[in-house]
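These figures come from a predicted structure and were not determined experimentally.
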Amino acid sequence: MTVDAARSEEGFTSGGATRVMVAACRAAGLDDREAELIRLGENALFRLASAPVIVRVARGREWLPKARTEVAVSRWLAEEGFPAARIVEDLEQPLVIDGNPVTFWHLIVEGDRKATYGELGGILRDLHALTVPKGLELPSFDPFDKQELRLDRAVIPQDDKVFLRKRWRELRDKYAELRFETPKGPVHGDAHVQNLMVDDQGHVILIDFEAFCFDHPEWDLMVTAVEHHSLGWQTDGQYADFVAAYGRDLYDWHGYETLRGLQEFGMTTWLMQNVQEDEKTAAEYRRRIAGLRNDDAPRDWRPW
């Protein structure tokens, strides 16, 4: 292959990501036969049939620093004994296949239940209490770091692109005025309950370190706060459990509305990347962009 296998004029596709996965497995000495694509989002995730391994394919070379951060964070959290996803240690990490960073992770065998919002609040409280060791270089949280790439590559109507670029500039201005009072520390960066797994032993495990950074804890709290107060994705009781476990409700903070705008924008542009995969994805993108165009309208967005 002479061009990025997972990238074409149509963007990052399941077919292209599969070709990268196959090449990466062969380079690592793993059997790719009957591997299953289990998720296509910011990355493509494949579960191997031949070994208890998850293969994670990133969208392009621009994601290489994030892949390196994921590997370093996994090693650090393992040393801390923190309940988190583990990389496969005896493989080179990350591989780069035709411009796509690839990492390999131990499969987490899921139990018979999902993580609760109380567990999410508790694990974030414990994560934020850790001290980042010297030598672990983590970036600051940047809510805009992927937006330009997403907008450049998205296969969406031009009118949507114009609107999103205008909203992006407005959000940057609001973000520049935002002031935090909390100290910086380790931040997951994408702290929704779907990034917790409960294994078959009942252990709650934190996954997905792509956005991991050194910044203010509000970035982790905003995800569930927005999902509840703006989108209505949790019951009052579930959100109360989250707040009680963590010890803070971001909704009371003066910067909540700015963070709400950033979170909803990010959720829309994340989904926007895959509108060509199927009509279900395209329909949800249309639902979200319509919501962004009317800030005061109820959000009927669906979890993805």
Just by distance, do the side chain of His254 and the backbone of Leu178 share a donor-acceptor pair under 3.5 Å?
no
What closest approach, in Å, do Leu196 and Ile207 show between heavy atoms, and which atom pair accounts for it?
N-CG1, 4.5 Å
Please determine whether the number of non-hydrogen atoms from other residues, nucleotides or ligands lying under 6.0 Å from atom CG of Asp252 exceeds 12.
yes
Check this for me: does any side-chain nitrogen of one of Asp295 and Arg260 sit under 4.0 Å from a carboxylate oxygen of the other?
no
Name the atoms and distances for all side-chain donor-acceptor pairs under 3.5 Å in residues 127-138, with sequence neighbours left out.
from	atom 1	to	atom 2	distance (Å)
His128	ND1	Leu124	O	3.4
His128	ND1	Tyr246	OH	2.7
His128	NE2	Asp220	OD2	2.7

Take atom NZ in Lys161; do more than 12 heavy atoms of anything else shown fall under 6.0 Å from it?
yes
Any ion pair linking Glu279 and Arg286 (charged N to carboxylate O, less than 4.0 Å)?
yes
Side-chain ion pair, Glu89 and Arg75, N-O less than 4.0 Å
yes
Answer yes or no: is there a side-chain heavy-atom contact under 4.5 Å between Glu70 and Trp105?
yes
Do side-chain atoms of Asp190 reach the backbone of Asp208 as a donor and acceptor pair under 3.5 angstrom?
no
Any idea which heavy atoms bring Arg293 and Asp160 closest together, and the distance?
NH2-OD1, 2.9 Å
Does the distance from a Lys or Arg side-chain N to an Asp or Glu carboxylate O, for Lys280 and Glu284, drop under 4.0 Å?
no
Output yes when a side-chain donor or acceptor of Asp199 lies under 3.5 Å from a complementary backbone atom of Gln201, and no otherwise.
yes
Tyr251, OH: over 12 other non-hydrogen atoms inside 6.0 angstrom
no
What are the two closest heavy atoms between Ala23 and Ile97, and how far apart are they?
CB-CG2, 3.7 Å
Say whether, by atom type as modelled, one donor and one acceptor occur between the side chain of Asn100 and the main chain of Ala58 under 3.5 angstrom.
yes
Keeping to residues at least two apart or across chains, list the salt bridge (Lys or Arg N to Asp or Glu O under 4.0 Å) pairs with something in residues 21-35.
Arg26-Asp32, Asp31-Arg33
Is the shortest distance from a Lys or Arg side-chain nitrogen in Glu218 or Arg248 to a carboxylate oxygen in the other one below 4.0 Å?
yes
Identify whether the distance between the nearest side-chain nitrogen and carboxylate oxygen of Arg153 and Glu62 falls below 4.0 Å.
yes
Between Pro183 and Pro217, the two heavy atoms sitting closest are O-CD, 3.5 Å
Which atom of Tyr256 lies closest to which atom of Ala225, heavy atoms considered
OH-O, 3.7 Å
As a test of understanding, state which of Arg287, Arg299, Arg288 forms a salt bridge (Lys or Arg N to Asp or Glu O under 4.0 Å) with Glu264.
Arg299
Ignoring hydrogens and angles, tell me if any N or O in the side chain of Arg125 forms a donor-acceptor pair with the backbone of Ala245 under 3.5 Å.
yes
Using every non-hydrogen atom in the two residues, find where Phe141 and Tyr175 come nearest and quote the distance to one decimal.
O-OH, 3.8 Å
Flag if over 12 foreign heavy atoms under 6.0 Å of CZ, Arg302
no
Are Phe180 and Trp219 an aromatic pair by the rule of ring centers under 6.0 Å?
yes
Check whether any side-chain N or O of Gln263 sits under 3.5 Å from a backbone N or O of Val223 as a donor-acceptor pair, and report yes or no.
no
With a 4.0 Å cut-off on N to O distance, would you call Lys66 and Glu210 a salt bridge?
no
After noting the C-alpha distance and the side-chain angles of Glu170 and Lys174, does the key distance pass the salt bridge (charged side-chain N to carboxylate O under 4.0 Å, His left out) rule?
CA-CA 6 Å; Glu170 292 169 351; Lys174 291 181 179 179; over 6 Å; no
